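Here is the naming used below: chain letters follow the sequence lines, and residue numbers restart at 1 for every chain. Everything numeric in this text was worked out from a predicted model, so none of it was measured.
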Amino acid sequence: MPKPLRIATWNINSVRLRLPLLKELDAALAPDVLCLQETKCPDEHFPLEGIEALGFRHVAAKGMKGYNGVAILSRIPFALREQDPDWCEKGDCRHLGVTLDAPGGPVELHDFYVPAGGDVPDPAVNPKFHHKLNFLREVTAWGETRAAAPRRVLVGDLNIAPLEHDVWSHRQLLDVVSHTPVEVEAMGRWMEKGEWVDAVRHFVPAEQKLYSWWSYRNRDWAASDRGRRLDHVWVSPDLQGRLARQHVHKPARAWTQASDHVPVLVELSL
DNA sequence: ATGGTAGAAGGTCTA
């Protein structure tokens with residue numbers, strides 16, 4: 001009998017501030033594995049006790065002061081992959097890779113926080129956008145070397161909304177970082193070279209609007225509903241037939257002291 | 001064209 005494996009991703013925007021919301025997330029989604037981004041927390045301050053109290057007995061965290069930071073919280077054992085690159089040689093805590101001790105054998109899991117890229121979508125004048133494009137080039141080249149490996153999952157805040165209906169207005173966001181053609185094409189190459197399948201769009205038709213992020217800079221995020229789908233779950237082709245369900249937990253955006261991103265969950269039958 | 005809010009800070013960065 002196949003067993004379920006529930007993997008969730010969430011840009012938590014400060015793991016210390018939103019530790020109470022992790023409990024709500026766990027009650028709502030019951031993930032076996034939860035990948036976080038923007039923990040904004042140096043490892044020595046990581047709230048390990050509170051997280052272990054929720055039942056996540058296996059934890060990997062890579063954080064720094066102020067910005068970035070990723071973590072993987074798991075109910076099942078995993079081994080940390082030590083051999084993945086230091087992207088753009090910045091040491092800036094945007095990726096953790098692990099091998100999960102999953103039902104039916106190991107699963108290679110990657111948790112990414114792709115650079116947001118700043119405001120101006122021109123690499124010649126905006127170093128943040130330049131960094132974003134370089135980061136995408138590097139992960140694509142690396143991903144190509146991993147493409148043949150079985151049972152892979154990649155999740156995270158990839159800071160790109162690739163499809164027309166991954167944003168509230170395709171026309172108005174064509175010049176806005178996260179939805180520009182150059183980024184969307186770069187993401188397409190990343191998926192193609194790595195042989196990745198979009199596990200959420202596997203279930204949700206491309207013509208249906210779907211968002212995982214709503215800006216803080218809005219009087220009423222729910223009424224205006226100007227969202228973008230920045231958070232993703234990808235799987236290798238051999239896992240496509242194992243996809244059981246997806247869930248984007250929109251209620252999390254209305255939680256008290258919410259993150260601007262909501263959790264995204266995919267369940268596999270392994 | 002601008003500013004709007006939020007979080008790390010305890011400056012301004014970053015998103």
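Here the P atom of nucleotide dA6(B) and the CH2 atom of W221(A) are 14 Å apart, to the nearest Å. Look at CZ on R219(A): it is 16 Å from C1' on dA6(B), rounded to the nearest Å. The distance from atom CD of Q257(A) to atom P of dA6(B) is 9 Å, rounded to the nearest whole Å. Computed from coordinates, the F129(A) CZ to dA15(B) P distance equals 13 Å when rounded to whole Å. Between H261(A) atom NE2 and dG7(B) atom C1' the separation is 13 Å, expressed in whole Å. As a whole-Å value, the separation of R217(A) CZ from dT14(B) C1' is 9 Å. D92(A) places its CG atom 12 Å from the C1' atom of dT14(B), with the value rounded to the nearest Å. Rounded to whole Å, the distance from CG on N11(A) to P on dA15(B) is 11 Å.
Of the N and O atoms on the side chains of S178(A) and E183(A), not one donor lies less than 3.5 Å from an acceptor on the other residue.
Not a single donor-acceptor contact under 3.5 angstrom links the side-chain atoms of R18(A) to the base of dA6(B).
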Might you list the N or O atoms of the protein lying below 3.5 Å from N or O atoms in nucleotides 9-13 of chain B, with each pair's distance?
residue	atom	partner	partner atom	Å
dA9(B)	OP1	R16(A)	NH2	3.4

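Side-chain heavy-atom separations under 4.5 angstrom define the hydrophobic clusters, and L17(A) shares its cluster with no other residue. Cluster partners of V120(A), by chain and number: V125(A). The rule joins Ile, Leu, Val, Met, Phe, Trp and Tyr whenever side-chain heavy atoms lie under 4.5 Å apart.
Against DNA chain B, the stretch residues 155-176 of chain A makes no heavy-atom approach under 4.0 Å.
Checked by atom type and distance alone, the side chain of D111(A) never pairs as donor or acceptor with a backbone atom of L96(A) at under 3.5 Å.
Separation of the W196(A) and H232(A) ring centroids does not fall under the 6.0 Å cut-off. The aromatic ring centroids of H249(A) and W255(A) lie less than 6.0 Å from each other.
Between H261(A) and W213(A), the ring planes lie tilted relative to each other; the angle falls in the 30° to 60° range.
Taking the P atoms as reference points, dA6(B) lies 23 Å from dT2(B), given to the whole Å. Separating the C1' atom of dG10(B) from that of dT14(B) is a span of 16 Å, rounded to the nearest Å. Distance check on atom C1': dG4(B) versus dA15(B) gives 13 Å, rounded to whole Å. Comparing dT5(B) with dA9(B), their P atoms are spaced 22 Å from each other, to the whole Å.
Taking for each of V15(A) and Y216(A) the nucleotide of DNA chain B with the nearest heavy atom, the 5'-most of the two is the partner of Y216(A). Position along DNA chain B of the nearest nucleotide to R94(A) versus N13(A) favours N13(A) as the more 5'-ward residue.
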Which atom pairs, donor and acceptor, lie under 3.5 Å between side-chain atoms of residues 154-161 of chain A and protein residues at least two apart or in another chain?
residue	atom	partner	partner atom	Å
D157(A)	OD1	N159(A)	N	3.0
D157(A)	OD2	N11(A)	ND2	2.9
N159(A)	ND2	V114(A)	O	2.8

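Partners of R189(A) by salt bridge (charged side-chain N to carboxylate O under 4.0 Å, His left out), not counting sequence neighbours: none found.
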Verdict with reasoning, E195(A) to S236(A), per side chain to side chain donor-acceptor pair (under 3.5 Å): CA-CA 6 Å; E195(A) 297 190 17; S236(A) 52; over 6 Å; no
